[in-house]
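Accompanying notes for the structure given below.
Computation of the quantities below employed the complete heavy-atom set of this structure, encompassing side-chain atoms and omitting hydrogens, waters and symmetry-equivalent molecules. Every number for a ligand or one of its atoms is a count from 1 in the order of the listing.
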Amino acid sequence: MMAQVVGGYFTSHVPAIGGAIQRGDQHEAYWKPFFDGFPPVRQWLADAAPDVAVVFYNDHGLNFFLDAMPTFAIGAAASYHNADEGWGLPVYKSFTGHPNLSWHLIEALVEAEFDMTTCQKMMVDHALSIPFELAWPDAEAWPVKLVPIAINTVQFPLPSPRRCLALGRAVGAALRAWPGSERIVVMGTGGLSHQLEGGRAGFMNPDYDRFCLDNLASDPDALTGHTAEQVAELAGTQGVEILNWIAARGALGDAPQTMVMRNYHVPISNTAAATVVLEPA
Ligand code: DHB
Ligand code: FE
């Protein structure tokens, strides 16, 4: 029996979401349009019943800092711990890893000429914990094992959208070749458009966000027509987190995908927030 990729869950990972959860503000007018996207995500996850999550995200200075920044890093740890990298959020539950699947991916990726940084110790920040809190809000322990894949979206030069899609496709091919019975959900976190610093702080671009959402399921190659620098122009200097979504979409493979749900709401904090679920058509 081979492993099965059951679909993809994509969401923004804005730290302020953690504050809203802590205060119980999910039904407040400011937050409701965002949180209303999650009952369908939770229902889909309950039906799809994954037991592993392969998560494309970016670290924001918790595990990697500007002194040593891998372009692509993958965890191969037995467990991963969260900590607060400075937003004042609660410390979230730890994650159980899947070292055997991690090493399978590492071997396949290096064979496919992706020179991964391999991390047998790795802390994970809000970009991982917030999407899990949104998906499984009442869980005593996370119901899936974790393989985290960190993409540098923080310090230029960034990998190109084309390279991130290729990385995702290589991950997807390796997942489908894993001789286990796992049901695997792929996740992509961050985005959509936002810029937190500099002269364009507060910049968002709903036109570019719509372009990404319209093409994610059916034509992800359309998202690779821009360089990473052009994506920073179009989406903002943190909107480049769309690279995580592009890689995650790649891991779903070339089979047609159905968009199970799509939610877009501007703004959450400084971010145009989006949530999407894709599954094989
Ligand atoms: C915000 C968004 C992010 O993606 C992030 O990592 C930190 C902050 C924001 O909009 O506040
Ligand atoms: Fe972020």
Candidates Lys145, His104, Glu182 - the one meeting side chain to side chain donor-acceptor pair (under 3.5 Å) with His98 = Glu182
Arg162/Asp221 salt bridge by N-O under 4.0 Å criterion | no
How far is atom 9 (C) of ligand 1 from its nearest protein heavy atom, and which residue and atom is that?
-> Ser269 OG, 3.4 Å
Under 3.5 Å donor-acceptor, Asn58 side chain and Asn152 backbone = no
Are Asn270 and His194 close enough, and set up right, to give a side-chain hydrogen bond (donor to acceptor under 3.5 Å, both in side chains), and what steps lead you there?
-> CA-CA 6 Å; Asn270 299 294; His194 62 301; over 6 Å; no
Metal site the Fe ion (ligand 2): N/O/S of His60 inside 2.8 Å = yes
For the Fe ion (ligand 2), the nearest N/O/S atom on Glu241 is atom OE2
What part of Gln238, side chain, backbone, both or neither, has a heavy atom within less than 4.0 angstrom of ligand 1?
-> neither
For the side chain to side chain contact (heavy atoms under 4.5 Å, CB included) test, which of Val277, Val276, Leu252, Leu216 pairs with Gln257?
-> Leu252
protein heavy-atom neighbour closest to atom 3 (C) of ligand 1 works out as His194 NE2, 3.3 Å
Answer with yes or no whether the hydrophobic clustering places Val54 together with Trp178; edges join I, L, V, M, F, W, Y residues whose side-chain heavy atoms lie under 4.5 Å apart.
-> yes
Output the list of atoms in ligand 1 that are nearer than 4.0 Å to some heavy atom of Leu196, sorted by atom number.
-> 1 (C), 7 (C), 8 (C), 9 (C), 10 (O)
In ligand 1, which numbered atoms sit nearer than 4.0 Å to a non-hydrogen atom of Trp87?
-> 7 (C), 8 (C)
Could you tell me if any non-hydrogen atom of Glu241 lies under 4.0 Å from any atom of ligand 1?
-> yes
May I ask you to identify the nearest protein heavy atom to atom 10 (O) of ligand 1, giving residue, atom name and distance to one decimal place in Å?
-> Thr271 OG1, 2.6 Å
Run through Val231, Leu213, Leu192 and flag the one making a side chain to side chain contact (heavy atoms under 4.5 Å, CB included) with Tyr208.
-> Val231
Just need the protein heavy atom nearest to atom 7 (C) of ligand 1, so name the residue and atom and give the distance.
-> Pro15 CD, 3.2 Å
Using a cut-off of strictly less than 2.8 Å, determine whether His194 has an N/O/S atom near the Fe ion (ligand 2).
-> no
Is the charged tip of Arg200 near the ring of Phe203: under 6.0 Å from the six-membered ring centre and within 45° of its axis?
-> yes
